[in-house]
Amino acid sequence: VRNILKPVAPLMIEHRLIERMVGLLKKELNSIESKKRADVNFIFSAVDFFRSYADRTHHGKEEDILFKELKKKKLSKEHKKILDELIKEHTIARSNVKGLFEAAKEYASGNSKSADKIKSFITALINLYPAHISKEDTRFFIPILDYFTADEQSNMLERFFEFDRLAIHEKYKRVVEQYE
Ligand SMILES: [Fe+2]
Ligand SMILES: [Fe+2]
């Protein structure tokens with residue numbers, strides 16, 4: 001029985017959760033402004049979300065599977081350009097998350113001046129993600145499906161599921177290794 005779910009469907013569903021986290025970042029930014037205090041527990045949870053979910057699991061499926069398969073195809077100029085932008089934006093997202101993590105650690109160790117750094121990295125993520133997601137959802141994911149046969153699409157969807165299945169094991173193996 002042919003799988004009728006498009007391989008980009010799980011990616012688009014994941015975008016909705018990332019958008020909700022961006023909404024929480026906006027609330028945190030307002031709260032830092034009004035209370036003059038950052039919620040480091042929330043920020044560390046947000047960092048873990050961006051690293052494990054948005055980057056490893058979500059960007060991971062995009063870069064290691066979808067984009068890799070796309071690179072084997074003869075892409076139009078426009079699609080090649082968007083693909084390069086998307087990859088670059090993932091790199092920028094990673095470096096902003098790292099910056100946010102470092103700033104939150106400084107803040108947690110008593111350096112209240114790091115609140116400004118926290119605000120600027122949160123602002124960068126708030127600006128980056130919705131635009132990135134909208135580019136993928138509205139200008140990329142649907143048109144690029146035409147480069148793939150139905151078989152290639154259902155094969156890709158299977159690989160996405162397998163990638164997700166392994167992700168949680170990989171994550172918690174790393175947690176144990178980190179403390180061993
Ligand atoms: Fe992406
Ligand atoms: Fe995405």
Side-chain angles (χ1 to χ4, degrees), residues 3-29 42-102 120-150 152-171 174:
N3 218 323
I4 53 159
L5 191 64
K6 297 281 178 208
V8 293
L11 298 177
M12 287 170 142
I13 291 166
E14 288 163 15
H15 283 167
R16 306 289 81 81
L17 193 62
I18 296 170
E19 284 169 343
R20 285 163 66 188
M21 177 51 89
V22 169
L24 293 175
L25 285 182
K26 285 182 187 164
K27 276 173 84 176
E28 174 59 15
L29 189 62
F42 165 73
I43 294 170
F44 286 135
S45 292
V47 165
D48 181 66
F49 176 91
F50 281 105
R51 285 184 166 168
S52 299
Y53 186 80
D55 194 43
R56 190 70 201 102
T57 305
H58 179 75
H59 297 163
K61 288 199 289 299
E62 290 175 348
E63 290 186 7
D64 297 358
I65 301 173
L66 177 63
F67 294 176
K68 214 178 205 169
E69 291 305 319
L70 266 176
K71 284 176 185 167
K72 297 177 186 168
K73 307 288 181 184
K74 186 153 175 37
L75 299 183
S76 73
K77 262 208 178 111
E78 172 68 3
H79 292 148
K80 173 80 179 85
K81 181 173 160 278
I82 298 178
L83 180 60
D84 290 342
E85 288 170 7
L86 293 173
I87 293 169
K88 201 189 287 168
E89 287 159 9
H90 288 176
T91 307
I92 299 169
R94 254 170 231 135
S95 88
N96 284 318
V97 170
K98 186 174 196 311
L100 179 60
F101 181 58
E102 299 301 332
S120 72
F121 287 118
I122 288 180
T123 304
L125 289 167
I126 288 173
N127 290 331
L128 180 79
Y129 266 104
H132 178 81
I133 284 173
S134 145
K135 195 185 287 183
E136 289 179 339
D137 280 355
T138 66
R139 293 170 51 203
F140 199 65
F141 282 178
I142 303 304
I144 53 96
L145 286 175
D146 290 341
Y147 291 107
F148 301 106
T149 65
E152 286 173 327
Q153 289 188 31
S154 72
N155 179 269
M156 208 176 330
L157 186 66
E158 287 305 316
R159 288 173 64 198
F160 280 176
F161 290 147
E162 180 63 5
F163 193 96
D164 283 350
R165 195 183 66 75
L166 295 174
I168 187 131
H169 300 283
E170 193 189 277
K171 170 171 176 165
R174 260 206 310 275

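In what follows, residues are counted from 1 in the order of the sequence shown. When a ligand or atom number is given, it counts from 1 through the structure's own listing order. Note that these values count all heavy atoms, side chains included, but never hydrogens, waters or copies made by symmetry.
When the ring pair (Phe, Tyr, Trp, His ring centres under 6.0 Å) test is applied to Phe148, no partner is found at least two apart in sequence or on another chain.
Between Phe141 and His15, the ring planes lie parallel to each other; the angle is under 30°, not in the 30° to 60° tilted range. Between His59 and Tyr129, the ring planes are parallel. Angles under 30° get that label, and only those over 60° would be called perpendicular.
Salt-bridge annotation for Arg94 and Glu63: present, with a side-chain N of the basic residue lying under 4.0 Å from a carboxylate O of the acidic one. Residues Lys73 and Glu69 are not paired through a salt bridge, judged by the lack of any N-O separation under 4.0 Å between the basic side chain and the carboxylate. A salt bridge does not link Arg159 to Asp64: none of the charged side-chain nitrogens sits closer than 4.0 Å to a carboxylate oxygen.
Protein-derived N/O/S atoms nearer than 2.8 Å to the Fe ion (ligand 2) total 4, waters excluded.
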